[in-house]
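Chain A is the first sequence line, chain B the second, and so forth, proteins listed ahead of strands; every chain is numbered from 1. Both backbone and side-chain heavy atoms feed into the values below; hydrogens, waters and symmetry mates do not.
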There are 2 protein chains.
Amino acid sequence: MAGKVPAAPKEQATSDPEVRIDDWREFAPLDLPPILVAALDNFREHGYHGTSVRDVARQAEVSLPMIYYRYGNKQGLLVALLEGAMGEVLRRTRLADAEAEGRVLDRFAKVVECIVLHMTHRAATAALDAEMRYLEPENRKKYAALRKEVEQLLLETVDEGVAQGLFEVDRAPDTTRALLGMCQAVSGWYHTDGSLTPEDIADRYVAIALRTVGARVRPAPRSRAK
Amino acid sequence: MAGKVPAAPKEQATSDPEVRIDDWREFAPLDLPPILVAALDNFREHGYHGTSVRDVARQAEVSLPMIYYRYGNKQGLLVALLEGAMGEVLRRTRLADAEAEGRVLDRFAKVVECIVLHMTHRAATAALDAEMRYLEPENRKKYAALRKEVEQLLLETVDEGVAQGLFEVDRAPDTTRALLGMCQAVSGWYHTDGSLTPEDIADRYVAIALRTVGARVRPAPRSRAK
DNA sequence: ATCAGTCTAACGAACGCTAAGTAAGCCGGA
DNA sequence: TCCGGCTTACTTAGCGTTCGTTAGACTGAT
């Protein structure tokens with residue numbers, strides 16, 4: 001039932017094997033092959049099931065079988081987009097976390113900032129997260145695992161903060177989920193031509209998140225000059 | 001393009017003209033006609049575009065044209081479910097708000113509690129909110145207006161709280177949106193057989209929300225005995 | 001005689017996917 | 001230097017199925 005890619009040609013599931021990230025705050029324009037750009041546009045506007053492979057082919061200006069040649073089947077398009085995006089945010093989040101060098105308040109603030117930056121700079125792919133439920137079980141499991149890693153990372157910082165008496169939180173797992181929920185929602189309403197930059201929004205959400213965990217002190221001001 | 005219901009027979013868009021609500025904390029089992037139950041199940045599991053009218057007919061054990069007779073077209077099913085649900089939560093939220101008789105902290109706490117209770121007791125319909133984007137422009141506008149009313153109500157209480165020096169919030173509209181985002185997310189993970197009751201979850205989220213708006217004092221304990 | 005409620009049957013269009021073929025490049029051996 | 005075979009990239013044409021929707025006939029109560 002699941003389509004199998006006969007030869008798995010040049011371009012893999014993810015847009016590139018892996019895009020190098022030097023600075024987790026720096027977002028180069030998303031560089032996706034035309035087919036995935038078209039798929040992203042269509043999935044975002046009409047959803048997975050509302051999009052036909054023919055629509056994607058037409059917009060990408062390739063023949064219909066070309067898509068099957070490269071991605072195996074329709075599901076392959078979604079997998080490529082979803083895993084690409086979640087992989088990127090996970091790598092970024094780890095960098096952000098590491099940068100804080102163990103200072104808990106900083107860790108928390110940077111991880112939240114990083115996540116919100118992703119939800120804005122990468123709003124298109126981030127919004128696709130809702131289409132996760134259309135992944136076939138196997139693909140979904142892999143995606144959910146990536147996602148869980150991000151959640152786990154945030155939860156750790158909350159737990160640490162509570163343990164050190166810096167945060168005041170009733171139930172860390174619930175609070176963490178609530179935080180992720182509110183961050184995720186950003187990708188739904190953010191659009192580029194608004195007056196707020198991603199950095200503005202990230203700042204505000206860090207402040208909101210700090211309150212949510214009952215942080216008693218603010219973290220050291222960011223060294224971002226820009 | 002928009003289907004029109006030729007005669008608009010017995011059962012209207014909403015499950016019933018309006019279900020009477022006495023206590024906003026009391027949730028009778030959702031009483032939907034079989035067709036809408038089937039539509040709800042399918043929309044929830046496969047999404048709007050992933051659901052065929054035939055699937056709905058089969059599960060509801062009615063003939064295919066029966067659905068067109070009662071709801072005009074596929075879109076009519078979504079409209080009925082969405083407007084029914086949002087109408088209910090709006091009416092409940094107003095009751096909750098009124099019950100606080102102007103005490104700001106109480107207003108805020110009760111409105112949040114009410115919204116979270118909706119996200120759990122009515123998780124199935126609440127989760128359908130994401131399918132809003134598949135509404136045709138006209139239907140969408142109507143739905144968005146209802147939704148906005150709920151947001152407005154919450155925003156008012158936040159504004160009031162800030163004005164009275166009870167809350168500490170950077171930007172009330174952003175914070176309100178963040179709060180709604182985190183409440184909405186509940187409908188995604190809540191399921192009935194979990195260990196937490198809707199009331200438990202609502203309590204926790206009220207606590208989280210109070211922190212998020214930097215409330216200095218807790219509201220008077222609820223008079224709910226149960 | 002009317003009419004709301006319900007059915008069977010089917011319309012045309014679109015769907016996901018694939019078989020089969022082709023043109024162009026690469027490669028090691030003669 | 002050329003050749004035969006293999007691989008990669010991409011096409012045309014169409015398979016079988018399902019889609020949303022409707023025409024039109026029937027039925028039982030008023």
Requested in this report: Between A:R58 and A:P65, name the one whose nearest nucleotide on DNA chain C is closer to the 5' end.
Outcome: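 Nearer the 5' end of the strand: A:R58.
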
Requested in this report: Name the residue closer to the 5' end of DNA chain C, choosing between B:V62 and A:T51 according to the nucleotide with the nearest heavy atom.
Outcome: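 Residue closer to the 5' terminus by nearest nucleotide: B:V62.
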
Query raised in the report: Are A:S63 and D:dC10 close enough that a side-chain N or O sits under 4.0 Å from OP1 or OP2?
Result: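 False: A:S63 side-chain N/O out of range (4.0 Å or more) of D:dC10 OP1/OP2.
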
Query raised in the report: Does a side-chain N or O from A:Y68 land closer than 4.0 Å to OP1 or OP2 of C:dC17, or not?
Result: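 Answer yes for this pair, as a side-chain N or O of A:Y68 is under 4.0 Å from OP1 or OP2.
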
Atom-pair distance ([atom1] on [X]; [atom2] on [N]), nearest Å:
X: A:I67; N: D:dC10; atom1: CD1; atom2: P; value: 12 Å
X: A:Y69; N: D:dT7; atom1: OH; atom2: P; value: 12 Å
X: A:L64; N: D:dT11; atom1: CG; atom2: P; value: 10 Å
X: A:E136; N: C:dG16; atom1: CD; atom2: P; value: 14 Å
X: A:H46; N: C:dA14; atom1: NE2; atom2: P; value: 14 Å
X: A:R54; N: D:dC15; atom1: CZ; atom2: C1'; value: 11 Å
X: A:Q75; N: C:dC15; atom1: CD; atom2: C1'; value: 16 Å
X: B:R70; N: D:dG20; atom1: CZ; atom2: P; value: 20 Å

Query raised in the report: Just one of A:V89, A:L82, A:L180, A:D129 clears the side chain to side chain contact (heavy atoms under 4.5 Å, CB included) bar with A:R147, so which one?
Result: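 Going through the options one by one, the only one that passes is A:D129.
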
Out of [options], which nucleotide sits closest to the side chain of [X]?
X: B:K74; options: D:dT21, C:dG16, D:dT12; answer: D:dT21
X: B:N73; options: D:dT21, C:dT6, D:dT12; answer: D:dT21
X: A:M66; options: D:dC10, C:dA4, D:dG20; answer: D:dC10

Has [X] got a side-chain atom pairing as donor or acceptor with [Y]'s backbone, closer than 3.5 angstrom?
X: A:R92; Y: A:E26; result: yes
X: A:R133; Y: B:R44; result: yes
X: A:R91; Y: A:G87; result: yes

Query raised in the report: Does CD in A:E45 sit with more than 12 non-hydrogen atoms of other residues, nucleotides or ligands closer than 6.0 Å?
Result: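 No, not enclosed.
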
